[in-house]
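One structure below.
Chain naming here is simple, since letters A, B, ... match the order of the sequence lines and numbering starts at 1 in each.
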Amino acid sequence: MAMQERYEPKTFEAKWQKRWDEAGVFLAGRRPKAPEKYVLEMLPYPSGQMHMGHVRNYLIGEVYARYYWLRGFDVIHPMGWDAFGLPAENAAIKDGVHPAIRTRENIASFKSTLQSLGFSYDWTREIATCDPEYYRWNQWFFLKLLARDMVYRRFSKVNWCTSCLTVIANEQVKEGTCERCGSPVIEKEMPEWAFRITRYSDRLLQALDELREWPERITTMQRNWIGRSEGTEADFAVKGTRDSVRIFTTRIDTIFGCNAVVLAPDHKLVPKITAPAQRAEVERFSARMASLHGVERIADAAEKEGVFTGAYAINPLSKEEVPIWIANFVLVEYGTGAVMSVPAHDQRDFEFARKYRLPIKVVVQPKDGPKLPAGSELSAAFTDDGVLSDSGEFSGLESAEARRRMTAALEGRGLGKGTVTYRQKDWGFSRQRYWGTPIPIVYCEKCDPSGNGIPLREDQLPVLLPDIDVHAVLTGKGEPPLAKVPSFVNTTCPRCGGPARREVETMDTFVDSSWYYARYLSPHYELAPFDPAQARRWLPVDIYIGGPEHAVMHLLYFRFWTRLMKEMGLTPMDEPVQRLVTQGIVNGPDGRKMSKRWGNVIAPTPLVEKFGADTARTYVLFAGPPERDIDWSDDQVEGANRFLKRVWTLAFQYQSKVAGAKHDGTAEPAALQIRRAAHKCLKRVGEAIERLSFNTAIAGIMEFVNALYLVERVQTAAERAAMAEAIHILTIVLSPFAPHLSEEISEAYGHSQLVADRPWPKYDPALVVDEVLPYAVQVNGKLRTEIRVAAESGEAEVRAAAEADEKVRSSLAGKSVRKVVFVPKRLINFVAS
RNA sequence: GCACGAGUGGCGGAAUCGGUAUACGCAGCGGACUUAAAAUCCGCUGGUCCUAAAAGGGCCGUAUGGGUUCAAGUCCCAUCUCGUGCACCA
């Protein structure tokens, strides 16, 4: 079939998409004996409009997946939809469109856009988390985890809008008011369901060391998030009572410098210990702190404020009496909600002591250097470790040793212990939302008078999300939406069969995304969330690609869930993902983040219309390395399109002349030159793709095409065969990037087999080494000239050739060579004086 | 404040293990083709100095200042700027 002269991608891109689909070339599992690759991109939330940032994310996995298919692997490259969630529900409150309808439309739009770009997904494995077929397994996991005591009910602070009378999300709180109605938002204690992820804090932290193919900044963020700190808890007896205050500190070595004990304003001992004379002031302060929204209390951070309670505590080691204060900077939810204040060795305590004129006592001296002045003379806290002074029997010890001995002393007297504290909290996962997975719990007054909740039996799953009258139920006000649906709420108790009420909260969508990667392996499996045999074959995921904004929450939950699944015997490994890639943002042409507000959003569809899918793909991948942000550039898009046109024109020009040409005779120099370029390209592109350097892979193909344009003569049988081979190699190396163009050319050259189903040729090692190499010649490290010598030359020959060079001779004139540094294949350096 | 990452031509970027800095693309300039333009193809393109110019050559140059080394964009120390994340965490 003759090619037409012009490159018109519109005339053939859809054809190839159909052919790939019909041939089933991207169906995972079609090479059961081959080694496997699991290529996964974070599943998208299908919002209204797909933009190029999504496309970039998926293209990284796309090229990788297509490459490994060519390399003979069995590849799974699935796509699905994170279909539950807040935006669809908020939109429904606004315009009354049922979230299910909107979500279905958005999915259809996303899917057709992805298909128009020629993505190699195995669509037979598509999942949507809002399908009962999927979310019933969230419910199944919930029941299993409840049985393993990994789920519990607790009270927790939520944002409560005083006008909507409902819980709102953090991102809906704007400067302490509700984004929707502008009314004040307060913190309110509400019951919620939580997973005991903190039982795994230590394991999740330790295993980060093993994740060598994760970006360091992601593992660092997870470390900080988990926030492990080793310290000591110590009991300060409250003078004149039987109570004691338990404090947490990482610097027990400074305890002899303690001038006060400071409690959180909402610490439970506060009302009990406050002296009558101080009561009014303490209550006023506590009330003011409670009325502040959490965000404001932190925003006000600079100013440290506190109030004396009138009570005194006894230092368990020094036996000194110190006052008990309450202060805004102590948080009830961290550590024990109480600290010892040591102003000489903690900057925050220092500022506090200055403000309220509390005594400052130095008890740690620098190991070397001058001694610290008396506490009253200090200008800032000394927070480093050092040597203890004025610390009774512990004086003279170094800080680390003192911490061990003091902790042991406290333990011995039953007044404390060494502990580990984590910043990470348990994962509260219940939401007062409609558009999520119903929690399979009922409340029965007869069987469960305390309202702990009765789990359903597995055979009662799934609890289906009821259809609703959107206007009546999704109001954004009052009770949770499901509470307004009597047919859902009213049910029977699984124990006594009497009347009962269903749990009306739904699950956080992070539950959906914690295990979806395993569901792709057997998306219609009915006995369990997925088939463990498939898990053994495909897991862990080889490469996982997504935005760095998911560094902590999603990726920690995802790791946590993987451990749970292993303990349930479902999966073989501790960690879900071998290699993690976090891709950069695609900014608008103005360098600002794409957003409707700036009107700088670039959508894929018009681009595909104008230039074709292959240009869109090639541009995005050529623009920069995957992890870096890029600014959209229309000029560079034109450049990518020009390159593909050049490929087309090249193929067009040689089609009638070389298609099908074969020759295996002796290598003629002109033919050899073409073959060298082709095989070097093959090597370079393969290596670049493996290290995800797609921009240099494309640069390598461009250089190859440029070289083919400079070929002057293609006449002999050997030359024609070399050109035919070169164009064949070109279609292969180009196919992960511009697959439609590759197929079209390949077909025109008489190949009936799809490029997507052909092997990546092995490069010929003999063709990728040069016969003559350029050597840099340096004198004292400065470049003087470049010489060309036979590739197999050793140091002596290169040196002789270099010394024969005119410029080198003049540079060395009058000097004696003291040393010669020879780097094979690169350079020779004369060190002379 | 703490942690992490980045800083290379007019622009996007390349340099994989310490070994010829600026590959490839964009923009710009020149040429070919054309009545002309566009498109296409070919070539040039870091700064500065020597020279009328060319050829040729010298010096400087990867945020800044030091250091290690025969050799530094790359390693070490300090500083500046930008980005991201976390933040009264005891």
Need one value for [X]: base, sugar-phosphate or nothing, where a base atom within 4.0 Å counts as base even if backbone is also close, heavy atoms only.
{"X": "A:K807", "result": "sugar-phosphate"}
{"X": "A:R6", "result": "nothing"}
{"X": "A:P548", "result": "nothing"}
{"X": "A:D631", "result": "nothing"}
{"X": "A:F643", "result": "nothing"}

Would you kindly give the [atom1]-to-[atom2] distance between [X] and [N], to the nearest whole Å?
{"X": "A:F236", "N": "B:A90", "atom1": "CZ", "atom2": "P", "value": "17 Å"}
{"X": "A:N695", "N": "B:G13", "atom1": "CG", "atom2": "C1'", "value": "7 Å"}
{"X": "A:Q424", "N": "B:A87", "atom1": "CD", "atom2": "P", "value": "13 Å"}
{"X": "A:K593", "N": "B:U84", "atom1": "NZ", "atom2": "P", "value": "9 Å"}
{"X": "A:R788", "N": "B:U20", "atom1": "CZ", "atom2": "P", "value": "16 Å"}
{"X": "A:H554", "N": "B:G85", "atom1": "NE2", "atom2": "C1'", "value": "17 Å"}
{"X": "A:L208", "N": "B:A3", "atom1": "CG", "atom2": "C1'", "value": "14 Å"}
{"X": "A:M52", "N": "B:G12", "atom1": "CE", "atom2": "P", "value": "20 Å"}

- According to a strict under-4.0 Å criterion, is A:R784 in side-chain N/O contact with OP1 or OP2 of B:G58?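 Affirmative; the distance criterion is met.
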Suppose you measure atom [atom1] in [N] against the same atom in [M]; what distance do you get, rounded to whole Å?
{"N": "B:A53", "M": "B:C49", "atom1": "C1'", "value": "16 Å"}
{"N": "B:U68", "M": "B:C77", "atom1": "C1'", "value": "11 Å"}
{"N": "B:A63", "M": "B:A14", "atom1": "P", "value": "14 Å"}
{"N": "B:A78", "M": "B:C24", "atom1": "C1'", "value": "36 Å"}
{"N": "B:G13", "M": "B:G18", "atom1": "P", "value": "23 Å"}
{"N": "B:C29", "M": "B:A38", "atom1": "P", "value": "11 Å"}
{"N": "B:G1", "M": "B:G67", "atom1": "P", "value": "29 Å"}
{"N": "B:A90", "M": "B:G5", "atom1": "C1'", "value": "29 Å"}

Ignoring the backbone of [X], work out which of [options] is nearest its side chain.
{"X": "A:R348", "options": "B:U20, B:A90, B:C41", "value": "B:A90"}
{"X": "A:L331", "options": "B:A14, B:U20, B:C88", "value": "B:C88"}
{"X": "A:F329", "options": "B:G19, B:C88, B:A14", "value": "B:C88"}
{"X": "A:K645", "options": "B:A23, B:A39, B:A90", "value": "B:A39"}
{"X": "A:N224", "options": "B:U20, B:A3, B:A87", "value": "B:A3"}
{"X": "A:Y334", "options": "B:C41, B:C89, B:C86", "value": "B:C89"}
{"X": "A:V330", "options": "B:U16, B:A90, B:C4", "value": "B:A90"}

- Query: Syn versus anti for B:G9, judged by chi lying within 90° of 0?
  - Reply: syn
- Item | B:C17, syn or anti by chi within 90 degrees of zero |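 Chi for B:C17 falls in the syn range.
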- Kindly say whether A:R403 contributes a backbone atom to a donor-acceptor pair with the side chain of A:D253 at under 3.5 angstrom?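 Pair absent, no side-chain N/O of A:D253 close to backbone of A:R403.
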Applying the Watson-Crick and G-U wobble criteria at under 3.5 Å, what pairs with [N]? Answer none if nothing qualifies.
{"N": "B:U48", "result": "B:G58"}
{"N": "B:C86", "result": "B:G1"}
{"N": "B:G19", "result": "B:C70"}
{"N": "B:U40", "result": "B:A32"}
{"N": "B:G7", "result": "B:C80"}

- With a cut-off of under 6.0 Å to the ring centre and 45° to the axis, is A:R579 in cation-pi contact with A:W214?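 No cation-pi geometry.
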- Item | Where protein sits on nucleotides 65-78 of chain B, one letter per nucleotide: B base, S sugar-phosphate only, - none, heavy atoms under 4.0 Å | -----B--------
- Note on the structure: Counting primed atoms, P, OP1 and OP2 as sugar-phosphate and everything else as base, the B/S/- map of nucleotides 25-31 of chain B against protein heavy atoms under 4.0 Å is BSS----
- Message: With no hydrogens and no angle check, just 3.5 Å: does a side-chain donor-acceptor pair link A:T696 and A:S693?
- Response: yes
Going by atom type alone, with no hydrogens or angles, which donor-acceptor pairs under 3.5 Å involve a side-chain atom of residues 822-830 of chain A and a protein atom two or more places apart or on another chain?
unit_1: A:N829; atom_1: OD1; unit_2: A:N780; atom_2: N; d: 3.4
unit_1: A:N829; atom_1: OD1; unit_2: A:G781; atom_2: N; d: 3.0

- Would you say the side chain of A:K361 lies within less than 4.5 Å of the side chain of A:V363, judging by non-hydrogen atoms?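 A side-chain contact exists here, since the closest heavy-atom pair is under 4.5 Å.
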- Task: Taking the side chain as every heavy atom from C-beta outward, state whether A:R784 and A:R809 have any pair of such atoms under 4.5 Å apart.
- Result: no
- Task: For the pair A:Y619 and A:W632, name the ring-plane relationship: parallel under 30°, tilted 30 to 60°, perpendicular over 60°.
- Result: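 A:Y619 vs A:W632 ring planes: perpendicular.
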